[in-house]
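Here is the structure we will look at.
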2 protein chains.
Amino acid sequence: MFSKACKYAIKSLVYLASRADEDRKIGLTEIADAIDSPMHFTAKIMQVLSKQGIVSSAKGPNGGFFIDKTAPDIYLIQVVSAIDGLAHLSGCGLGLKGCSAEHPCPIHDEFSEVRDKLNQLLRGQTIQQLAAEMSDGKSYLKTVIMK
Amino acid sequence: MFSKACKYAIKSLVYLASRADEDRKIGLTEIADAIDSPMHFTAKIMQVLSKQGIVSSAKGPNGGFFIDKTAPDIYLIQVVSAIDGLAHLSGCGLGLKGCSAEHPCPIHDEFSEVRDKLNQLLRGQTIQQLAAEMSDGKSYLKTVIMK
DNA sequence: AGAAATAAGGACATTAATATCTTTATATAT
DNA sequence: ATATATAAAGATATTAATGTCCTTATTTCT
Ligand code: FES
Ligand code: FES
């Protein structure tokens, strides 16, 4: 449904948001560890989010990534849009050039419903909401593995 | 949502089913033309469907692909399962090792709904149903392009 | 029997996604 | 100032998806 890059992006942001009250910047090592992702690949993704203004960053000692508290909450759709683009969210499920009720593919009606529900999710939920639930121990960013 | 291979698979089968009453075998050239797909790539996909017993084939002149009329109708889930596998249809939206309400990721609740709706689509619709609507001119397998 | 048509199979090519590594720029702390 | 920590940037590697091409096996037709 989402690319790995996009999943890492969402999880990174939720982690950052869950630590927003600590007033510190969070480095790549910590992020990659917290969400169980390859660090250097995650770095690339954070670069994109940073360029898009979705996340803030600072170099140097005690540097790292953080979410601007004065900025409005981040909707999932913004993240998906930045990393995967929006094609998935309006395009035809069977790959026709366009998706429309006037020239529908065989699965158009039912597929539209699936897609709409996905859009609803992405446009309704914010990183901050998800982070709050996470902090409350209601959800998790990685699978616990016993070593 | 689906790989290109899977989209080609579904469209090929819908096309075949829509011609099932003609009692003839349909060659790769015709299929690729009908669904606007790369012929050789489509060939590979048909091979898989054939091995899985989802479609029948015959070599030689007047050979081609066809759907066994005595066999039960083909549900979309069978096709997706054969080409893309089932991971998408039960796995976690954010890539956690497992998806469960006991150890949910931040988007588990809403994502499950999307995934359920997708499963509902795939387990409820058959190639034959889709083909019938297609034959009735209610849906299309490719975008009409003026040349 | 021989020619032709077709799917099956295998080899290869291209592209995109994922991942790693190295260098550079910048800020901080000493 | 110097050393250090960190993100940014760039280069490269690996893998998976997509796509093309060539050869082989099988069937049909003449
Ligand atoms: S035309 Fe295919 S999903 Fe709308
Ligand atoms: S745990 Fe992520 S979707 Fe269920």
Side-chain angles (χ1 to χ4, degrees), chain A residues 1-13 15-16 23-68 80 82-85 87-88 94-95, chain B residues 1-13 15-16 23-68 80 82-85 87-88 94-95:
Chain A
M1 206 85 80
F2 310 121
S3 69
K4 285 193 176 190
C6 194
K7 293 172 189 172
Y8 296 150
I10 294 172
K11 288 189 279 192
S12 296
L13 290 171
Y15 181 69
L16 286 187
D23 258 325
R24 65 186 174 98
K25 291 155 197 152
I26 296 180
L28 272 170
T29 341
E30 183 177 339
I31 295 176
D33 186 65
I35 71 169
D36 211 11
S37 69
M39 181 171 70
H40 294 293
F41 189 40
T42 309
K44 295 297 180 196
I45 297 160
M46 295 309 287
Q47 272 177 42
V48 175
L49 296 179
S50 176
K51 274 194 198 164
Q52 302 263 338
I54 294 175
V55 81
S56 307
S57 71
K59 292 180 185 175
N62 300 316
F65 297 92
F66 59 100
I67 292 178
D68 181 358
V80 173
I83 305 293
D84 283 349
H88 261 348
L94 290 185
Chain B
M1 205 85 80
F2 309 122
S3 69
K4 286 193 176 189
C6 193
K7 293 173 188 172
Y8 297 149
I10 294 172
K11 288 191 279 193
S12 296
L13 289 171
Y15 181 70
L16 285 186
D23 260 325
R24 67 187 172 98
K25 292 159 197 149
I26 297 180
L28 272 172
T29 342
E30 183 176 340
I31 295 176
D33 186 65
I35 70 169
D36 210 11
S37 70
M39 181 170 71
H40 294 292
F41 189 39
T42 309
K44 295 297 179 195
I45 298 160
M46 295 309 287
Q47 271 178 44
V48 175
L49 296 178
S50 176
K51 273 194 197 165
Q52 302 265 336
I54 294 176
V55 81
S56 308
S57 72
K59 293 179 185 176
N62 301 316
F65 298 91
F66 59 100
I67 291 178
D68 181 358
V80 173
I83 306 293
D84 283 349
H88 262 348
L94 290 185

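Every value quoted in this text rests on a predicted model; they were computed, and no experiment measured them. Chain letters run A, B, ... following the sequence lines, proteins first and then strands; every chain starts at 1.
- If you measure from atom CE of B:Met46 to atom P of D:dG19, you get 16 Å, rounded to the nearest angstrom.
- Distance CD/A:Glu30 to CZ/A:Phe65: 12.0 Å, rounded to 0.5 Å.
- Neither OP1 nor OP2 of C:dT6 sits under 4.0 Å from any side-chain N or O of B:Ser57.
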Protein heavy-atom contacts under 4.0 Å, written 5' to 3' over nucleotides 21-30 of chain C as B (base), S (sugar-phosphate only) or - (none), form the string B---BBBBS-
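- The shortest heavy-atom contact between B:Lys25 and B:Gly64 is CB-N, 3.7 Å.
- A:Val55 is not listed as a side-chain neighbour of A:Phe66, based on a closest heavy-atom distance of 4.5 Å or more.
- Pairing each heavy atom of B:Thr42 with each of B:Pro38, the nearest pair is OG1-O, 2.7 Å.
- B:Ile45 approaches B:Ala9 most closely through the heavy-atom pair CG2-CB, 3.7 Å.
- Applying the side-chain contact (heavy atoms from CB on, under 4.5 Å) test between B:Ile31 and each of B:Lys11, B:Met39, B:Met46 identifies B:Met46 as the sole match.
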Please list each protein N or O that sits under 3.5 Å from an N or O in nucleotides 13-18 of chain C, with the distance.
from, atom 1, to, atom 2, distance (Å)
C:dT18, OP1, A:Lys4, N, 3.1

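- Between the CD1 atom of B:Ile26 and the P atom of C:dT6 there is a distance of 12 Å, rounded to whole Å.
- A donor atom on one side chain and an acceptor atom on the other are not found under 3.5 Å apart for A:Asp68 and A:Ser56.
- Side chain A:Gln47 to base D:dA9: a donor-acceptor pair is found below 3.5 Å.
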Before giving the answer on side chain to side chain contact (heavy atoms under 4.5 Å, CB included), spell out for A:Ile10 and A:Ile83 the whole-Å C-alpha distance, their side-chain angles and the decisive distance to 0.1 Å. CA-CA 10 Å; A:Ile10 294 172; A:Ile83 305 293; over 6 Å; no
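- For the atom pair CD1 (B:Ile67) and CD1 (B:Ile26), the distance works out to 9.0 Å, reported to the nearest 0.5 Å.
- Using a 4.0 Å heavy-atom distance criterion, A:Lys51 is classed as a sugar-phosphate-only contact.
- Contact check, B:Ser50 against C:dA8: a side-chain N or O comes under 4.0 Å of OP1 or OP2.
- Here C:dA8 presents its P atom at 13 Å from CD of B:Gln52, a figure rounded to the nearest Å.
- Note: CE (A:Met39) to P (D:dA9) measures 17 Å, nearest angstrom.
- B:Ile31 comes within 4.0 angstrom of no nucleic acid atom, judged by non-hydrogen atoms across all strands.
- Nucleotide C:dT6 holds its P atom 11 Å from the CZ atom of B:Arg24, rounded to whole Å.
- Atom C1' of nucleotide D:dA17 and atom CD1 of B:Ile83 are separated by 13 Å, given to the nearest angstrom.
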